[in-house]
Protein chains: 2
Amino acid sequence: MEHVAARAGVSRALVSIVFRGVAGASEATRERVLAAARELDYRPDTRASRLGSSRTRTLGVTFSVGHAFHGDLLESLYTHADAAGYELVLSGVTPSRSEAAAVETLLAERCEGIILLGSSQDTARLERLAARLPVVSVLRPVARGEVGVVRTDDAAGLRLSVEHLHGLGHRRIALLDGGRTAGAAERRRGYRTAMRRSPTLTEVVLTGGVTELEGAEAARTFLGLGPRERPTAVAAFNDRCAIGFVDVVRQAGLHVPGDVSVVGFDDITEAGYPHVALTTVRQDAERLGAETVRTLADRLDGGSSDRGSGTTPPAPVVIEPELVVRASTAPATRHGARS
Amino acid sequence: MEHVAARAGVSRALVSIVFRGVAGASEATRERVLAAARELDYRPDTRASRLGSSRTRTLGVTFSVGHAFHGDLLESLYTHADAAGYELVLSGVTPSRSEAAAVETLLAERCEGIILLGSSQDTARLERLAARLPVVSVLRPVARGEVGVVRTDDAAGLRLSVEHLHGLGHRRIALLDGGRTAGAAERRRGYRTAMRRSPTLTEVVLTGGVTELEGAEAARTFLGLGPRERPTAVAAFNDRCAIGFVDVVRQAGLHVPGDVSVVGFDDITEAGYPHVALTTVRQDAERLGAETVRTLADRLDGGSSDRGSGTTPPAPVVIEPELVVRASTAPATRHGARS
DNA sequence: GTCCCAAACTAGAGCGCTCTAGTACCGATC
DNA sequence: GATCGGTACTAGAGCGCTCTAGTTTGGGAC
């Protein structure tokens, strides 16, 4: 910085002004400084600038590495954080690196807010963390308290699945359950609610999970059922699970959607490929990311005077999902409708 | 830090000594300081410590968010960086955030070295970057110069594929090509070499790519071929592409491996699922990560006196892949062997 | 010409650490 | 009792920025 200042014939302070993009430098000087910086291949040291200023203007994010939907969310987060004048600091969660450890490094970086994608930490820990600084849990609802929540209306999503299948004439509609994963309880609830609305519907719960593997296993259970008790349609916890299910069912010689209709959840990229063409409930990664940043930026930039913890707990942001109909669902056949 | 020092009744310098874990503090004091820190919920500010010390001890990593194999690599990188006393700074690449932008933020963080996972930057840029600081390109080979390379022996991998299929009696073995992706050229070369070793083998190249989508498209081309010219086996650029291919071929009523054998590349988690059971060439993410960190740590910690750029360009580290035989390959049938 | 004010610029004290060059103390040595 | 050597600890000057509180400059307005 010293060198750039010297080369441009100005003070260090002026260089700082130019690089922060604030008022207080003439157009001519601004260009002279930038030119000098370019010649010297200088770029401000982010560590030092964050140290010097009272605000770090960074948001920490924990995410599962290699998780496709988290990837979509990160893309959206990068865009909106940038627009709001924040930088993202990523901290990955892997089988050998716990979410708690990931959060620890974010705190040491002095992030101003923390974003947890699909957190698996218990509520008590989250509460404790939220007492220190603004936290938002994305995808996973947290009972109450200071933790911000941005999520899809999971229950509504499963209601969409069930209503779609019901509308196609299906009666035995199974839930391919997600177990203890973020959002699974809500989706289960949505399934139950929708199923109980109509007395003609029969509930069946198949144990599923988050990956294709569990979907495949559920498919074997499904195939083991007698034709009378076998569901004619399946509403899955998520797309990957649905895809695994479809794979195995097809390998067994059944047809999708001819013999069984399947609805996924998420609308991952793969679901849209022509050879998959999975009917699914879409989670809007773009909006989830946008709302997450907005929630945090609102609290941090505190439009009103009352920023800090004394304020009312942030209202959860719940985004409505949308049914995307593709080729994995069809009207119930006579055989199916009969059961 | 001030507060911790006061509470423990020592100087700030002593607190620093304790937290850096260096010699110079008695056991009793050490515990007293740690206790005080715990009570105050203090943790050192990483920005400030990096600023204060001459070394930042950080390695920057660019990766594609949501990319499954990059996830596996990150896991390994986290483990080995930690063991070598380095911290990782992640910078994600998304459709709207270029690799160049990702690198820019890493430079501004003053990382000591940069790790590029599956870089898509041109060689000239990489060279320029490597002139500034140690860089290693993982998965993608770079012609020569200062850029370090850690990769799988892609050519050998495809030779393994072809030899395996040849050994099963296949003659018409197609390459499901990866186009311009990192490593694709090498794999193409390996395929050609292996095919030309035996005059009985017939080369067929199908345009593929990196995702299931391209594999599915290639399958349609494949199905369009007459039975005489249709290959009896396919060596794919990667697992995802292979999986898309298999899906479509099966949906068309053909059997894998009965009618066509398929070999993937990478050995992603999904390939090992029982309902997929893809024969594939395994890339060892664990070792790739380990070697990457080792390469960088060697240069940075400069075992010998001559660290810096004057040194001999780092030799590329090439890791041998391994064939994992599962259920997507089988001996050529009479029909297949005849063609 | 004088006064005033905004715009353009600078000096220098932090930010929370690290790290060098010290001081204080204690037991062992002769 | 003076000297040594080593361990435990401290003072204080940076690290590369930010940011407050200035100082200087260049036009108008009268």
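- Atom pair B:D45:CG and D:dC17:P shows a separation of 16 Å (rounding to whole Å applied).
- Atoms CD (A:E109) and P (C:dG16) sit 15 Å apart, rounded to a whole Å.
- Between the P atom of D:dC15 and the CZ atom of B:R110 lies a distance of 14 Å, rounded to the nearest Å.
- Of all nucleotides listed (D:dT18, C:dC17, C:dT18), C:dT18 comes nearest to the side chain of B:S53.
- Without hydrogens or angle criteria, A:R57 side chain to A:G85 main chain gives a donor-acceptor distance under 3.5 Å.
- Of all heavy-atom pairs spanning B:S120 and B:R140, the tightest one is C-NH1, 4.2 Å.
- Here the P atom of nucleotide D:dG14 and the CD atom of A:E2 are 13 Å apart, to the nearest Å.
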Considering only nitrogen or oxygen atoms on both sides, find all protein atoms under 3.5 Å from nucleotides 6-11 of chain C and state each distance.
| from | atom 1 | to | atom 2 | distance (Å) |
| --- | --- | --- | --- | --- |
| C:dC9 | OP1 | A:T29 | OG1 | 2.7 |
| C:dC9 | OP2 | A:S26 | N | 2.9 |
| C:dC9 | OP2 | A:S26 | OG | 3.3 |
| C:dC9 | OP2 | A:T29 | OG1 | 3.0 |
| C:dT10 | OP1 | A:S11 | N | 3.3 |
| C:dT10 | OP2 | A:S11 | N | 2.7 |
| C:dT10 | OP2 | A:S11 | OG | 2.6 |

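- With rounding to whole Å, B:R47 atom CZ is found 8 Å from C:dC15 atom C1'.
- Rounded to whole angstrom, the span from the CZ atom of B:R50 across to the C1' atom of C:dC19 amounts to 18 Å.
- Of all heavy-atom pairs between B:A102 and B:G92, the closest is CB-O, 4.0 Å.
- With hydrogens and angles ignored, the 3.5 Å screen pairs no side-chain donor or acceptor of B:S16 with any backbone N or O of B:R12.
- As a whole-Å value, the separation of A:M1 CE from D:dC17 P is 5 Å.
- Under a cut-off of 6.0 angstrom, the local environment of CZ in B:R294 is crowded, with over 12 non-hydrogen atoms contributed by other residues, nucleotides or ligands.
- The distance from atom CZ of A:R57 to atom P of D:dC19 is 11 Å, rounded to the nearest whole Å.
- Remark: side-chain polar atoms of B:E99 are not paired, donor with acceptor, to backbone N or O of B:V93 under 3.5 angstrom.
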